[in-house]
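Read through the structure below, which is laid out as C-alpha cells, and then see the notes.
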Amino acid sequence: MSTVDLQGLTWRKSSRSGGTGTNDNCVEIALAGPVIAVRDSKNPFAGALTFPATALTELRASL
C-alpha cells in the first residue's frame, strides 16, 4: 500500500455540490499525480479516498 501526500493540493468542489443548507452533500477532488483524491468538503481533515487517475477517464467514457 502506498500513501499520497494530500497537503498543498488544489481542491475543487463538485459543480453538483451546492445548496444553502447545513446538510449539503459536498465533494471535492484534487489531482495528485497518478491519483485523484476525493474528500468531503464539510470535513476536509477526515481524510480522502484515492483512485487511479485512469479511473476517471474510464468513468467518463462509460457515461
Side-chain angles (χ1 to χ4, degrees):
M1 176 189 276
S2 61
T3 60
V4 176
D5 184 7
L6 301 177
Q7 294 184 4
L9 296 179
T10 301
W11 291 91
R12 296 174 189 208
K13 190 173 181 180
S14 168
S15 62
R16 303 267 181 183
S17 298
T20 57
T22 57
N23 291 325
D24 294 325
N25 295 321
C26 302
V27 175
E28 295 177 323
I29 65 168
L31 298 176
V35 300
I36 297 169
V38 181
R39 72 179 183 185
D40 180 353
S41 63
K42 295 183 306 293
N43 195 3
F45 300 106
L49 298 173
T50 57
F51 302 93
T54 56
L56 182 61
T57 304
E58 293 168 5
L59 176 64
R60 290 178 75 188
S62 70
L63 296 177

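The minimum heavy-atom distance linking Lys13 with Glu28 is given by the pair CA-CG, 3.9 Å. What you find for Gly33 and Ala53 is that their closest heavy atoms are O-CB, 4.5 Å. Across every non-hydrogen atom of Leu9 and Leu31, the tightest pair is CD2-O, 3.6 Å.
With rounding to the nearest 0.5 Å, the separation of CD1 in Ile36 from CG in Leu49 is 12.0 Å.
Applying the side chain to side chain contact (heavy atoms under 4.5 Å, CB included) criterion to Asn43, with sequence neighbours excluded, gives Asp40, Ala46. Taking Ala37 as the reference, Leu6, Trp11, Ala48, Thr50 meet the side chain to side chain contact (heavy atoms under 4.5 Å, CB included) condition, with sequence neighbours excluded.
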